[in-house]
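To start, the structure itself, in structure tokens.
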Amino acid sequence: MVRLLFALTLLGLTLITAFRPQRKTQNRKDPRPNIVLIVADDHGREAVGCYGNPAVKTPHIDQLAAEGVRFTNAFCTTASCSPSRSVLLTGLHNHANGMYGLEHREHHFSSFDTVRSLPVMLQKAGYQTARIGKFHVAPERAYHFQKVLRGGKTNNPASIGRSPVEMADLCYPLFSEASEKPFFLYFATDDPHRSNTVSASGMPVFKGDKANLFGNRPGGYPQVHDVFYQPFQVQVPAYLPDTRATRMELAQYYESISRLDQGVERLVALLKETGQYDNTVIVYLSDNGAPFPGSKTTLYEPGMKLPLIVKLPKPQKPGFVQDAMISWVDLTPTLLDFAGVRPDTVYSQGRSFKSIIEQDRATGWDEVYGSHTLHEVTMYYPMRVLRERRYKLIFNIAHELSFPMALDLYHSFTWQDVRQTGRKLYGKRTVEAYLHRPRFELYDLEADPHEVRNLASDPKHQAILKRMQEKLKRFQQQTKDMWVSKWEFE
């Protein structure tokens, strides 16, 4: 009898799924594509299968790359959550849109009231706009979405917990409703961000041999299958020390990435089920690098060089690899371009890369700029960066200060192990070099990909240094960066 009831239940669920109403986009009068922007939280490029890591399991993100375009030179402009998301959603550097640091709680940073964001401009252009998951920008009126998709009985976005699969299921009504308008969905997961759970002493909660620092496992959420990793299975990137503490944290980090990957699988499945997939631009990226010292909050390569995958509605070159250098300041003008908004009506400090997504040997895409100001309100350490194909210049404006540590990074087992053991090296650089930085850092990334040998004082590289300094200063002037005065007064 129990088996019969179970079988009938499964049959009922199957029939419900099979007879869900579907809306075919080819019957819609507005032919413009839907847009889905997936923003992972702290997902470093070194922890994605399609970017060369065989240890982490990301089959569905990899499949998206196989059906779309994988960018190999994509960069955030600031390796901090709220500022980076503000750049993504405005096309303006954080020093220009006002989101200098984190939005939440005591940090309380907020963009200028006059900022026009991507969802507001897409709504004006005739799109339905919806968001789900992490928002983390302000003010709401500047970043307004028409719909906030919520879960659970509390009608609270936080009630969806850390289940990207449940997040995807909550998007089904948006995909299936009979609307003549295309939609823009901002799908922002908490994964793989480190959990904020700490003990009374201020240290992360640690139970047993493996701490669960990257969010509670979703357990009873639908179609979520835990993927476990052992410390010996992970790949330790060069910027981190190869210690047991690091490997334990990386193993948990991988678990949260695999959970995120399942959310991508579910989201794509629902787009296909509702007939939306073939007319949807899907963008997958991360706000900044991994939640480890040496990546997040720094503009070294691990912090700013990130995954970017774009699946076009009608890809001509599935699996194409694009090496054009683009940054998150280019996202808003690009997505508005897909929506048919004229470029000359968009105020942006970036530019659309829509026309070169599948283009071989794209010219004129050979440099990006970065602008970091704060992370937490106590972490004043403004940096400006020019990243070319070969050389990279970092301007540490407040170089006389020690480099500040975000609380979650400071309390990480990786960093605490370094402190407690008295290690002098942290990855490829010394602890001293990480904490105390010169005014200028110049790196030859071809000869020194790990950014260890600073060439700023090398007589042989003075011409390169001067050329890049002039370009960086001009960038600050053109973007009305208030910190441009520090060339003279810092």
Side-chain angles (χ1 to χ4, degrees), residues 35 37-43 74-123 129 131-145 148 157 184-190 193 283 285-289 296-299 303-304 306 308 326-336 346-351 368-377 379-385 406 475-476 479-483:
I35 300 170
L37 176 57
I38 305 172
V39 180
D41 200 349
D42 297 1
H43 190 184
F75 301 84
C76 69
T77 63
T78 176
S80 174
C81 180
S82 296
S84 184
R85 291 162 191 264
S86 75
V87 175
L88 280 169
L89 293 174
T90 65
L92 302 173
H93 286 277
N94 77 89
H95 66 252
N97 71 51
M99 185 70 69
Y100 305 127
L102 297 180
E103 172 269 338
H104 65 295
R105 296 196 300 271
E106 64 273 11
H107 311 299
H108 201 56
F109 288 99
S110 180
S111 287
F112 303 126
D113 292 339
T114 54
V115 164
R116 295 176 62 211
S117 70
L118 177 62
V120 171
M121 289 186 279
L122 283 175
Q123 179 183 347
T129 64
R131 65 175 174 89
I132 188 168
K134 192 166 186 174
F135 191 41
H136 218 204
V137 288
E140 193 279 336
R141 60 184 174 275
Y143 294 93
H144 177 70
F145 285 81
V148 180
F184 167 53
L185 172 65
Y186 181 66
F187 187 90
T189 66
D190 281 314
H193 190 286
V283 178
L285 52 78
S286 173
D287 56 354
N288 47 249
K296 183 177 178 179
T297 76
T298 81
L299 288 178
M304 66 181 296
L306 300 174
L308 172 63
I326 68 97
S327 80
W328 289 180
V329 79
D330 301 316
L331 258 292
T332 279
T334 299
L335 297 183
L336 288 172
V346 180
Y347 176 59
S348 170
Q349 291 168 347
R351 53 179 173 153
V368 295
Y369 292 88
S371 171
H372 179 94
T373 307
L374 299 99
H375 180 63
E376 295 164 0
V377 71
M379 292 176 61
Y380 178 77
Y381 202 85
M383 299 174 281
R384 301 298 183 259
V385 177
F475 155 76
Q476 291 186 262
T479 58
K480 296 180 173 58
D481 183 356
M482 291 185 295
W483 279 265

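Counting begins at 1 with the first residue of the sequence. Everything quoted here is computed from the prediction, not taken from an experiment.
The closest side-chain heavy-atom distance from Ser371 to Thr77 is not below 4.5 Å. Looking only at side-chain heavy atoms (C-beta outward), Ser327 and Cys76 stay at 4.5 Å or farther from each other. Side-chain atoms of Thr90 and Tyr143, non-hydrogen and from C-beta on, do get closer than 4.5 Å to each other. Between Leu102 and His136 the shortest side-chain heavy-atom distance falls below 4.5 Å.
A donor-acceptor pair shorter than 3.5 Å can be found between the side chains of Asn94 and Thr373. Side-chain atoms of Glu140 and His144 form a donor-acceptor pair, as typed in the model, at a separation below 3.5 Å. For the residue pair Asn97 / Ser86, a side-chain donor-acceptor distance below 3.5 Å is found, with atom types taken as modelled. Side chains of Ser80 and His375: a donor-acceptor N/O pair is present below 3.5 angstrom, by distance only.
Considering every non-hydrogen atom in both His43 and Leu306, the closest pair reads O-CD2, 4.1 Å. Residues Leu122 and Leu335 approach most closely at CD2-O, 4.5 Å, considering heavy atoms. Of all heavy-atom pairs between Arg131 and Gly133, the closest is NH1-O, 4.3 Å. Among all heavy-atom pairs drawn from Thr129 and Pro119, the shortest one is CG2-O, 3.4 Å. Contact record, Tyr186 with Arg85: OH-NH1, 3.5 Å, taken as the closest heavy-atom pair. Here the closest heavy-atom approach between residue Ser117 and residue Ala142 is recorded as OG-O, 2.7 Å.
Atom CG of residue Leu185 and atom CG of residue Leu37 lie 8.5 Å apart, to the nearest 0.5 angstrom. In this structure, CE on Met383 lies 6.5 Å from OG1 on Thr298, to the nearest 0.5 angstrom. With rounding to the nearest 0.5 angstrom, the CG atom of Asp42 is 4.5 Å from the NE2 atom of His193. Distance check, rounded to the nearest 0.5 Å: OG of Ser84 to NE2 of His372 gives 11.0 Å. Considering CG of Leu336 and CZ of Phe184, their distance stands at 9.0 Å, rounded to 0.5 Å. Atoms CG and NZ, from Asp287 and Lys296 in turn, are 7.5 Å apart once rounded to the nearest 0.5 Å.
When atom types are taken as modelled, the side chain of Asp330 and the backbone of Gly91 share no donor-acceptor pair closer than 3.5 angstrom. For the pair His107 (side chain) and Glu376 (backbone), a donor-acceptor distance under 3.5 Å is absent. Using a distance-only test at 3.5 Å, with no hydrogens or angles considered, a donor-acceptor pair links the side chain of Gln349 to the main chain of His93. Side-chain N or O atoms of Ser286 include none that pairs as donor or acceptor with a backbone N or O of Asp41 at under 3.5 Å.
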**Study point:** Worked check of side-chain contact (heavy atoms from CB on, under 4.5 Å) between Glu103 and Val137
**Key:** CA-CA 6 Å; Glu103 172 269 338; Val137 288; 5.6 Å; no
Exercise for review: Show the numbers, then the answer: is there a side-chain contact (heavy atoms from CB on, under 4.5 Å) between Leu331 and Leu285?
Suggested key: CA-CA 10 Å; Leu331 258 292; Leu285 52 78; 4.0 Å; yes
Practice item. I would like to know whether His95 and Met482 meet side-chain contact (heavy atoms from CB on, under 4.5 Å); could you show each step before the answer? Key: CA-CA 8 Å; His95 66 252; Met482 291 185 295; over 6 Å; no
Review point. Passes side-chain contact (heavy atoms from CB on, under 4.5 Å), Thr78 versus Trp328? Steps please.
Key: CA-CA 9 Å; Thr78 176; Trp328 289 180; over 6 Å; no
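With sequence neighbours excluded, the residues forming a ring-ring contact (aromatic ring centres under 6.0 Å, His included) with Tyr100 are Trp483, listed by chain and number.
Within a 6.0 Å radius of NE2 in His108, no more than 12 heavy atoms belonging to other residues, nucleotides or ligands are found.
Phe145 and Phe135 have perpendicular rings, their planes meeting at more than 60° on a 0 to 90° scale where under 30° would count as parallel.
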